[in-house]
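Here's the structure we're looking at; comments come further down.
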2 protein chains.
Amino acid sequence: MAEMQEMPGHLARRFQQIAVAVFLSEVEAAGFDLTPVQYAALAAIAANPAIDQITLAGLIAYDRTTITGVIDRLAQKGLVVRQASARDRRSRELLITDEGRRALDAITPAVEAAQRLMVRGLTKAETNELIRLMQKAIAAGNDLSRAPLREGTAER
Amino acid sequence: MAEMQEMPGHLARRFQQIAVAVFLSEVEAAGFDLTPVQYAALAAIAANPAIDQITLAGLIAYDRTTITGVIDRLAQKGLVVRQASARDRRSRELLITDEGRRALDAITPAVEAAQRLMVRGLTKAETNELIRLMQKAIAAGNDLSRAPLREGTAER
DNA sequence: CTCTATTGATCAGCATACTGATCATCAGTA
DNA sequence: TACTGATGATCAGTATGCTGATCAATAGAG
C-alpha cells in the first residue's frame, strides 16, 4: 500500500481529474460552456420540475452549500429560474427554461461521448465492471460524506 | 447512459467525494490535520529530497499552480522547507523537516485505514480489480488532463 | 556571445466542496 | 396558541483544481 499508485484514494482523485477534463473538453468542442456539476444539476431539474434545492442536492449528492452557487450560475446563464414556493416560503422552486431545455438536449451527445472517452483504455466488459464496482463501493460509503445521495425523488 | 448512476463521470466524482471524506475523518481521528493532497505531497517530498515543485507536481499529478498553495500550507505547518536551488535560481528545493517526518510516520496508519474503509463494500478481489481498472483507465487518459503523471523521479 | 524560446514559480480569477454559522420559516407539542 | 426544534437557503472562510498571464532565469541556436 506504500505505493501511491495502488491507493484507491489516489486513483479516485486521478480518475475524477481526467473525467472532468474530458467532460469540459467535449462540451466545449460542442460549443457549450457547462461544467459537469452544472450539467448534472440542469438534467435533474429538467427531470424534476419545481424541485427545491435541498432535494436536488440529495438527488445528485451535492453539498447544500455548493448548490447555491451552482444554481446562481445556471440562472445567470438563463438556463433555469428560481422562484419562491407558495407552499413553503423558505424554499425556492427550480424550473428549467426553454433555453435550458434546448441546451440540455444539444449537449447530451457530447456528455455521452465524454463518458466513453474517459474509459477509452478499457474494453466494454471492463467498463461495465468498473461501473459496477464503483457503484458498490459508493453504496457502502454513501453516508460517509457530508453530501450523501438520497432517493425519494419528487414526492415530498 | 441516460441514468446518471451509470455514468463513469458521475461515479468518479462520487467515489472521490467519499474517499476524501474518509481520509479526512481517519486522519483527524488520529489527531492530525492534513488533506489528502498535502499528505501525498509530503510523502513524495520525503521520498525525493530536494525535489523541485514542477517535478513534484508531475510525480503526483498535480497542477503546477495548485502545488504552490499546497507547499505554502505544508511550510506554514512546519512540515517542509522551501529553499532556493544553487543550480537553478528559478527553482526551489523542497525538503521534509524532522517534524514533517514524524508526522508522516505517525499518520500513515490512518491513511492506510482510510484506503481500506473507502472500499469497505468490496471484497478483496473486487478491490484489486477496481484498482486495476482505474489504473488502466487512468493510464489511457493520462494526457487528457492538464496535470498528467510524469515518471522519471529524481534524475533531473 | 547574443537573442529567442523555454522553463520554474507565482498570481489573479473562477468553480467546486466542505465546515460551521446565521436567518427566516415551518411543524409539532405543551 | 406560544415555544421549541427542525428545516431551506445563504454566507464567510478554507482548500483543491483549473485557465491564462507574468516574471526571472536558463538553455540553445545561430
Side-chain angles (χ1 to χ4, degrees), chain A residues 9 12-14 16-25 28 33-41 51-58 60-77 82-94 144-148 150 156, chain B residues 9 12-14 16-25 28 33-41 51-58 60-77 82-94 144-148 150 156:
Chain A
R13 174 186 154 281
R14 189 83 188 92
Q16 149 79 354
Q17 187 180 40
I18 290 167
V20 171
V22 168
F23 183 102
L24 292 175
S25 165
E28 190 197 336
D33 172 34
L34 263 198
T35 66
V37 159
Q38 289 166 15
Y39 173 81
I51 194 173
D52 67 286
Q53 292 185 191
I54 295 282
T55 307
L56 171 63
I60 51 186
Y62 288 9
D63 190 90
R64 69 185 187 283
T65 64
T66 300
I67 211 104
T68 298
V70 174
I71 300 301
D72 279 350
R73 288 179 279 279
L74 286 176
Q76 208 222 325
K77 291 176 182 176
R82 184 161 30 185
Q83 64 183 29
S85 164
R87 262 190 309 111
D88 184 340
R89 272 182 302 164
R90 288 171 303 182
S91 83
R92 317 296 169 97
E93 294 178 349
L94 304 174
L144 301 179
S145 81
R146 168 162 144 163
R150 302 205 179 285
R156 291 176 63 95
Chain B
R13 176 187 153 280
R14 190 82 189 94
Q16 149 79 354
Q17 186 179 41
I18 290 167
V20 171
V22 167
F23 183 102
L24 292 175
S25 166
E28 191 197 337
D33 172 34
L34 264 199
T35 66
V37 158
Q38 290 166 14
Y39 172 81
I51 194 172
D52 67 286
Q53 294 186 190
I54 294 282
T55 307
L56 172 62
I60 51 186
Y62 288 9
D63 189 272
R64 69 185 187 283
T65 63
T66 300
I67 211 105
T68 298
V70 174
I71 301 300
D72 279 350
R73 287 179 280 278
L74 286 177
Q76 206 222 325
K77 290 175 182 176
R82 184 161 31 185
Q83 63 183 32
S85 163
R87 263 189 308 111
D88 185 339
R89 271 181 301 163
R90 288 170 304 182
S91 84
R92 319 296 171 97
E93 294 179 349
L94 304 174
L144 300 178
S145 82
R146 167 162 146 163
R150 302 205 178 285
R156 293 175 61 97

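Letters go in sequence order (proteins before strands), and every chain restarts at 1.
Closest approach to the B/Arg82 side chain among C/dA15, C/dT10, D/dT10 is made by C/dT10 (side chain taken as heavy atoms from C-beta onward). Considering only the side chain of B/Gln53, C/dT10 comes nearest among C/dT16, C/dT10, D/dA15. Comparing atom distances between the B/Gln17 side chain and each of C/dT10, D/dA15, C/dC18 picks out C/dC18 as nearest. Distance from the side chain of A/Arg13 is smallest to D/dG17 among D/dT16, D/dG17, C/dT16.
A/Ala41 approaches A/Ile60 most closely through the heavy-atom pair CA-CD1, 3.7 Å. Contact detail for B/Tyr39 and B/Leu34: the closest heavy-atom pair is CA-CD1, 4.1 Å.
Using a 4.0 Å heavy-atom cutoff across all strands shown, A/Ala147 reaches sugar-phosphate atoms only and no base atom. When heavy atoms are screened at a 4.0 angstrom cut-off, A/Thr65 is found touching base atoms of the nucleic acid. The residue A/Arg92 sits close only to the backbone: its heavy atoms come under 4.0 Å of sugar-phosphate atoms, none of a base. Among the atoms of the strands shown, only primed sugar atoms or phosphate atoms (P, OP1, OP2) are found under 4.0 Å from some heavy atom of B/Asp88. Here A/Ser91 lies in heavy-atom contact (under 4.0 Å) with sugar-phosphate atoms only.
Taking a 6.0 Å sphere around CD of A/Gln76, one finds it holds 12 or fewer heavy atoms contributed by other residues, nucleotides or ligands.
One atom, CZ of B/Phe23, and another, P of C/dA17, lie 18 Å apart when rounded to the nearest Å. Atom OH in B/Tyr39 sits roughly 19 Å away from atom C1' in D/dA15 (whole-Å rounding). Residue A/Asp52 contributes atom CG, which lies 14 Å from atom C1' of C/dC26 at whole-angstrom precision. One can place CG of A/Asp63 at 14 Å from C1' of C/dA15, the figure rounded to the nearest angstrom. Distance A/Lys77 NZ to C/dC14 P: 13 Å, rounded to the nearest Å. Going from atom CD1 of A/Ile71 over to atom C1' of C/dA15 covers 14 Å, rounded to whole Å. If you take CZ of B/Arg87 and P of C/dA9, they are 11 Å apart, rounded to a whole angstrom. Taking atom CZ on A/Arg64 and atom P on D/dC11, their separation rounds to 14 Å, with Å as the unit.
Checking B/Arg14 against B/Gln17 by side-chain atom types alone, a donor-acceptor pair falls below 3.5 Å. A side-chain donor-acceptor contact under 3.5 Å links A/Thr55 and A/Asp52.
The nucleotide C/dC18 finds its pairing partner in D/dG13, both defining distances of the Watson-Crick or G-U wobble pair being shorter than 3.5 Å.
Dashed line: the shortest gap from a side-chain N or O of A/Ser85 to OP1 or OP2 of D/dG8 is not under 4.0 Å.
Across the interface with DNA chain D, nearest-nucleotide mapping of B/Ala86 and B/Tyr62 shows B/Tyr62 to be the residue nearer the 5′ end. Summary of the strand contacts: A/Thr66 and A/Arg89 both lie near DNA chain C, and taking for each the nucleotide with the nearest heavy atom, the more 5' one is attributed to A/Thr66. Mapped onto DNA chain C by nearest heavy atom, A/Arg146 and A/Gln38 fall at different nucleotides, with A/Gln38 at the one closer to the 5' end.
Here the side chain of A/Arg82 pairs no donor or acceptor atom with the backbone of A/Gln53 at under 3.5 angstrom.
Residue side chain B/Arg90 reaches the base of C/dT7 through a donor-acceptor N/O pair under 3.5 Å, judged by distance alone.
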